[in-house]
Structures are given as structure tokens and as C-alpha cells.
Amino acid sequence: MTDQNAKGRILALCGGVGGAKLALGLDKIAGERLTVAVNTGDDFSHLGLHIAPDLDTVLYTLAGLADPERGWGRADESWNFMAALNELGADDWFQLGDKDLAIHVERTRRLAGGETLSAVTRDIGARLGLSAHIVPMSDDPVRTQVITDEGNLPFQHYFVRAQCRPRVKSIDFEGAETAALSEEFSAALTDPNLAAIVICPSNPYLSVDPLLSLSGVKEGLARSPAPVIAVSPLIHGQAVKGPTVKIMAELEIEPDALSIARHYGGVLDGIIVDVEDEGSVGPLRAMGLEARAAATYMKSLSDRIGLARCVMEFADDLNASKT
Ligand code: FO1
């Protein structure tokens, strides 16, 4: 790596589980030089609590607390609260573990006391011993609404309650037109010392688009001197987890890296596809994008660090070719 990347800051745009794995790899190589701007379109109020699933997935993953199987919530969890809730006949379609409950209660208390989501997230990150900066995309409410053949569903009603079964017609990000970027996201986006902006392999439609829908983000990406690199969330036409391919089919989009590149359109300088999709590198280059193949399936910590290194080497080469 050149000096620039060894010292430069990294901004990652991230949703939940898939994106958090790469964020962890980036954290291991960049630590406090990393800012992760996280989707808050999935946030909702449930049982009187402010739930911020993607922020928590990133916090828990980087802190080594995440459940490795589920991908969300905490490892070594117990479910007494849910069992007691069930006895009372209360809503129990959204599982809140006993340990996980603490973050929702504390966040809700502090937000009700007038603190911003950024401030609460910053403090929780510090308490969990994180050196990377985990920041919500906005302190204003943006709520993803999934327009389906069964009506307009708030994100968690579509994703968890209906288990992504309804057919998606389109997706709206309510509040995105007026929401301001969080201060730290805005500062990272305009940081002259950025070595790279990384679009993590999260669901482009549900998890990355909320960030891109905020006013000023696409313009900021285009204006940044740092290369913008996406990691495709697809491997051989399949997503590792989640409904990306189902949604692409419903929106009549081919499930391949070219579609992902087209979806991100003008904001990208480069894209990383999986080694299994090496054949798409040529067509991607023909679209005018820099592209390379790497192992994007992240099972172990060393897979995550390995992919993070590939991303930063790519950024390094793109930076060098500009000078
Ligand atoms: N996902 C589920 O599929 N079922 C759940 O019951 C569930 C509970 C849950 C609680 C806290 C939390 O932070 C996340 C939770 N998730 C659950 C995951 C989450 O809703 C989605 O994975 C994300 O919003 C998509 O990135």
C-alpha cells in the first residue's frame, strides 16, 4: 500500500449483515481512520423502543458481539423477555433478545432526553471499545417503505413480519428529501484526506439506496477526489443472505454484477466482483468502469480482512492512476 492509503481515511456506506462483514475487515486495517455511514431507513419504533437494526448490526459486529449465525442481535443471547411478552399476548413477531434489549432501552431513553442518534451511537461505540466511527446516515427520520402487491409496508413489516414474501413493486424512502446528513457523514464525505469510499456488499435496493437517496450524497460521491468502489453483493447470481435476488427478479433486473454497476450508475469509479464472476470484469470495463475480481464470500475474519485489503489495493491503484 502507498503512504496515501496507509494514512488516508476510509468512508464506508453500509447496511446490515453483509455490509458489516466488510466493515469489520476495513476496521481491522484502518481502525480510527474508518467512518462507517449506516442505513437508518430500517429503523422503527416498536413496543415504544427506537430500534436501529443496521446501526446495531455494525456496532455488534465490530465489537465482536454479533451472533455469527443470525447476523443480527447478540451472541449468547437469551429470550426471557420475548417469552414473557408472549405470555401477555403482546406483539412478538420482532425478536428482541434479553441482552440486545439494553441498547434499545438506552437509545430510546437518550433520544427522548433530546440527544441525537449520532451522539448516542458515538457513545455506545466508545463504550463497546470501537475506534472506527459508526455514524447514522442522518439524525432525521428516514423510513423505508416497500410498495408491494400486498400494499405499502413499513420496512420491518415487509422484511421480518412478512418475511419478504410480498412482491416488491417499488421502494420509497420517506423523509429522505428533507433529511439532513449527519454531521459526521457529511464531514467524511467532504474530507480531502479520503483514500477511498467503499459501498459495502449490502442490498443495493433496500440498504444502500436509502443512503444514496439523501440529498447531497450522490453529488458528494461524484465530487470526492477519492475513488468510489462498490463490492457486488452477488456471487454467481446469488446473494449470500437476504432478498436481493428475489427483489431484482420482481423488478425485472438481471441478477448480475453488470446490473449492480448500472444501478449505482455514475457514482462508481470501480467495482469488485467475486472470483466466480471474473467473466463480468471485461463487460464492466467496457461500460467504462474499473473492475477486478476478488474473493467476496466472507466466512472467516481473515476473509473479511482479505477483501478489505483488496478494496484498499484497488483504491490505491485508482489513486495512483489519477496522479
Ligand atoms: N430479523 C429477523 O429476521 N427477525 C427478527 O425477529 C429480527 C429482530 C431484530 C432485532 C433487533 C435487530 O437489531 C435486528 C433484528 N432483525 C431481525 C434483523 C433486522 O431487522 C434486519 O436484518 C435488518 O433490518 C436488515 O438489514
Side-chain angles (χ1 to χ4, degrees), residues 12-24 36-63 65-83 85-86 90-108 111 117 120-121 124-125 128 134 136-137 141-146 153-166 168 171 173-174 199-212 233 239-247 298:
L13 311 190
C14 191
V17 184
K21 291 181 183 172
L22 179 57
L24 175 61
V36 188
V38 181
N39 169 39
T40 53
D42 300 8
D43 291 17
F44 76 134
S45 175
H46 184 62
L47 304 172
L49 299 170
H50 182 110
I51 317 280
D54 287 358
L55 275 174
D56 292 350
T57 297
V58 175
L59 287 165
Y60 289 156
T61 301
L62 268 56
L65 298 173
D67 184 278
E69 300 307 321
R70 286 194 309 278
W72 53 267
R74 292 183 59 151
D76 303 319
E77 190 55 283
S78 55
W79 303 93
N80 297 308
F81 169 71
M82 288 312 298
L85 205 57
N86 183 274
D91 247 358
D92 64 354
W93 57 271
F94 195 78
Q95 302 285 306
L96 296 172
D98 298 337
K99 288 184 187 171
D100 184 38
L101 198 51
I103 205 166
H104 311 303
V105 170
E106 178 62 0
R107 178 191 295 116
T108 306
L111 290 174
L117 185 58
V120 177
T121 307
I124 291 175
L128 295 179
I134 314 304
M137 63 183 195
V142 176
R143 297 293 173 258
T144 299
Q145 294 285 322
V146 189
L153 302 176
F155 179 84
Q156 297 297 345
H157 287 245
Y158 162 77
F159 197 91
V160 176
R161 195 180 207 172
Q163 307 211 320
C164 308
R165 273 188 301 264
V168 174
I171 301 162
F173 308 110
E174 275 183 18
I199 301 184
C200 291
S202 296
N203 184 314
Y205 308 93
L206 294 176
S207 303
V208 179
D209 276 1
L211 288 124
L212 300 181
V240 175
K241 206 171 184 219
T244 308
V245 169
K246 178 177 180 283
I247 292 174
M298 293 173 280

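Both ligands and their constituent atoms are indexed starting at 1 by order of listing. What you see is a predicted model, and the numbers here were worked out from it, not measured in a lab. When a residue number appears, it is its place in the shown sequence, counting from 1.
Heavy-atom proximity to Phe155, at under 4.0 Å, picks out these atoms of ligand 1: 24 (O). Which parts of ligand 1 touch Gln95 is read off a 4.0 Å heavy-atom cut-off, strictly below it: atoms 5 (C), 6 (O), 8 (C), 9 (C), 10 (C). For ligand 1 and Val160, the ligand atoms under 4.0 Å from any heavy atom of the residue are 1 (N), 2 (C), 3 (O), 4 (N), 5 (C), 6 (O), 17 (C), 20 (O). Atoms of ligand 1 lying under 4.0 Å from any heavy atom of Asp42, numbered from 1 in the order shown and given with element: 23 (C), 24 (O), 25 (C), 26 (O).
Comparing heavy-atom distances from atom 20 (O) of ligand 1 across Gln163, His104, Gln156 singles out Gln156 as nearest.
Nearest non-hydrogen protein atom to atom 9 (C) of ligand 1 is Phe94 CZ, 3.2 Å. Shortest contact from atom 21 (C) of ligand 1 to any protein heavy atom: Phe159 CE2, 3.6 Å. Looking only at heavy atoms of the protein, atom 17 (C) of ligand 1 is closest to Trp72 CE2, 3.3 Å.
Thr121 has its side chain out of reach of Val38: every pair of non-hydrogen atoms, C-beta onward, lies at least 4.5 Å apart. Two residues are said to be in side-chain contact when any heavy atoms from C-beta on lie closer than 4.5 Å; Trp72 and Val160 fail this criterion. The shortest side-chain heavy-atom distance between Leu206 and Pro243 falls under the 4.5 Å cut-off.
The shortest N/O to N/O separation between Asp54 and ligand 1 falls below 3.5 Å.
Under a 3.5 Å cut-off, the side chain of Lys241 and the backbone N or O of Val17 do not form any donor-acceptor pair.
Classified by interplanar angle (parallel below 30°, tilted 30° to 60°, perpendicular above 60°), the ring pair Trp93/Phe44 is tilted.
Partners of Tyr205 by ring pair (Phe, Tyr, Trp, His ring centres under 6.0 Å), not counting sequence neighbours, listed by chain and number: His263.
At a heavy-atom cutoff of 4.0 Å, ligand 1 is contacted by the side chain of Asp100 but not by its backbone.
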